[in-house]
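These notes concern the structure reproduced below.
Proteins get letters first, then strands, A, B, ... in listed order; numbering begins at 1 in each.
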There are 2 protein chains.
Amino acid sequence: MDRKEQILEIATELIQTRGYTAFSYQDLSDRLGITKASIHHHFPSKANLGFAVAERYSTAVTASLAEVKQNTDDPWEQLDGYVGQILQLIKTRDRICAAGAVHSEYNVVPESMSDAMARLAKHIIAWLTDVLEVGRREGMMDFPGKPEHQAALVFAAAQGAMQFGRAHGAVKARQIMDQIKESLKAA
Amino acid sequence: MDRKEQILEIATELIQTRGYTAFSYQDLSDRLGITKASIHHHFPSKANLGFAVAERYSTAVTASLAEVKQNTDDPWEQLDGYVGQILQLIKTRDRICAAGAVHSEYNVVPESMSDAMARLAKHIIAWLTDVLEVGRREGMMDFPGKPEHQAALVFAAAQGAMQFGRAHGAVKARQIMDQIKESLKAA
DNA sequence: GTCTATAAATGGATAGAC
DNA sequence: GTCTATCCATTTATAGAC
């Protein structure tokens, strides 16, 4: 029953569904059944809470991606591990990636929070870069230019796909993720 | 000097830089030098203003894309017309596409507004679909699957690139747009 | 850790004068 | 069309009792 953890859990969900600006201590209070003052006891300020959410989210995603690479050495299966996480978010049709949410609210979010999410984005792209580099070297994938640039493209497209999916349906979002994979297939 | 137009101009900028939730009548008041009450005279409610911004933005983008196709029949030049508009947003100001901004705030924006922006997204993708279809038919572009799926991918990547660029710099965002173009080049 | 109570500021919105 | 003045709800945050 770690209250701090419960708060972070709900706050993360609210940021993914409503965004940082649009969620409030009152929302958390309603969901958790404790007062706003109690939440302030655990997280003195909203900026404080926002940063904690970003750190926790980064840790979770980082660990999840590391696990994918421990489970398989096949680049396609690794890519599917990433895509699978994206599709999972889309399926609920309500959440987007917290990093993407923060990026699109970049100018109004506490700096510590946007910094943390920017680091996460860099990490994910580095992770993807490695997958693509190995995939191409082994003749399993094909794309032009630097793996790092292609990785950034995959990341950007995934973020866009999630946001697009909320308005246009999970099927459309999945088509985008499929198209990314198709475009990486070796001739 | 059409006041209504001035308000829409500033409101659009604020939505692109701060988002719908995070901008206020006070912000508009500060920028325009007239009181909040005066702004309410032109736009009774924030939802009202948000919808008007969405409609005006849609009209402008639609007209701009139509002009691109009037100026050239070459698919690559047409694509550059779209990409150029994206890069302009990234480079000169700290703005993202208003449609993308609204998509990422989907659950907290007035429905009339998100509906209008969803229609715009569909329009842009249809526009891109035509460009890609002609490009492939004439052997100038290459990509797998249906043109409309590739068009959705290009759109999603562009939205993601703009949001990414704000946090990581215009250069990174441009690399993503370049990578999209590279991946479309016929072998 | 959680509560009640409350502060202080901000946000969207209205009434009515000029 | 724009202003002053004001309303009411919400938001972040604090003080102090239990």
Results of side chain to side chain donor-acceptor pair (under 3.5 Å) for A/Thr21 - residues two or more places apart only: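 Applying side chain to side chain donor-acceptor pair (under 3.5 Å) to A/Thr21 gives A/Glu105.
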Contacts of B/Lys181 that satisfy side chain to side chain donor-acceptor pair (under 3.5 Å) - sequence neighbours left out: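 Per chain and number, B/Lys181 pairs via side chain to side chain donor-acceptor pair (under 3.5 Å) with B/Asp80.
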Compute whether any side-chain donor of one residue and acceptor of the other, for [X] and [Y], lie under 3.5 angstrom apart.
{"X": "B/Gln78", "Y": "B/Thr72", "result": "no"}
{"X": "A/Thr62", "Y": "A/Thr59", "result": "no"}
{"X": "A/Gln26", "Y": "A/Asp30", "result": "yes"}

5' priority, DNA chain D, between A/Pro44 and A/Gln26 [closest heavy atom]: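 Closest to the 5' end, via its nearest nucleotide, is A/Gln26.
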Residue pairs passing the side-chain hydrogen bond (donor to acceptor under 3.5 Å, both in side chains) test where at least one lies in residues 169-178 of chain A, sequence neighbours excluded: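 Residue pairs with at least one partner in residues 169-178 of chain A: A/Gln175-B/His149.
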Aromatic ring pairing B/His168/A/His103, orientation class (parallel under 30°, perpendicular over 60°, tilted between):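 B/His168 vs A/His103 ring planes: parallel.
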By salt bridge (charged side-chain N to carboxylate O under 4.0 Å, His left out) - contacts of B/Glu77 (at least two apart):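 Counting only residues at least two positions away or on another chain, B/Glu77 forms no salt bridge (charged side-chain N to carboxylate O under 4.0 Å, His left out).
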For chain B, the stretch of DNA chain D it reaches, first to last nucleotide, under 4.0 Å of its heavy atoms: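 Listing 5' to 3', DNA chain D meets chain B from D/dG1 to D/dT4.
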Nearest non-hydrogen partners of B/Ala156 and A/Ala157, listed with the distance: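 It is CB-O, 3.8 Å.
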List in numerical order all residues of [range] for which some heavy atom is under 4.0 Å away from an atom belonging to DNA chain C.
{"range": "residues 45-57 of chain A", "value": "none"}
{"range": "residues 9-17 of chain B", "value": "none"}
{"range": "residues 33-41 of chain A", "value": "A/Gly33, A/Ile34, A/Thr35, A/Ala37, A/Ser38, A/His41"}

Sugar-phosphate, base or nothing in reach of A/Phe43, heavy atoms under 4.0 Å: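 Since no nucleic acid heavy atom lies under 4.0 Å of A/Phe43, the category is nothing.
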Residue pairs involving residues 54-64 of chain B (criterion salt bridge (charged side-chain N to carboxylate O under 4.0 Å, His left out); sequence neighbours excluded):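 Those involving residues 54-64 of chain B are B/Glu5-B/Arg56, B/Glu9-B/Arg56, B/Glu55-B/Arg119.
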Pairs flagged by salt bridge (charged side-chain N to carboxylate O under 4.0 Å, His left out) wherever residues 130-143 of chain A is involved - sequence neighbours left out: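 Sorted result for residues 130-143 of chain A: A/Lys69-A/Asp130.
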Test side chain to side chain contact (heavy atoms under 4.5 Å, CB included) applied to B/Tyr25 - qualifying residues, sequence neighbours left out: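 For B/Tyr25, the residues satisfying side chain to side chain contact (heavy atoms under 4.5 Å, CB included) (neighbours in sequence not counted) are B/Lys36, B/Ile39, B/His40, B/Phe43, B/Lys46, B/Leu49.
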Test log, rule side-chain contact (heavy atoms from CB on, under 4.5 Å), inputs A/Trp76 and A/Leu184: CA-CA 10 Å; A/Trp76 276 112; A/Leu184 287 170; 3.8 Å; yes
Neighbours of DNA chain D within residues 102-117 of chain A, by heavy-atom distance under 4.0 Å: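 Correct list: empty, so none.
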Residues, nucleotides or ligands: over 12 heavy atoms within 6.0 Å of A/Asp2 CG: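 Above 12, so yes.
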Separation of A/Leu132 CG from A/Met141 CE (nearest 0.5 Å):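 It comes to 6.0 Å.
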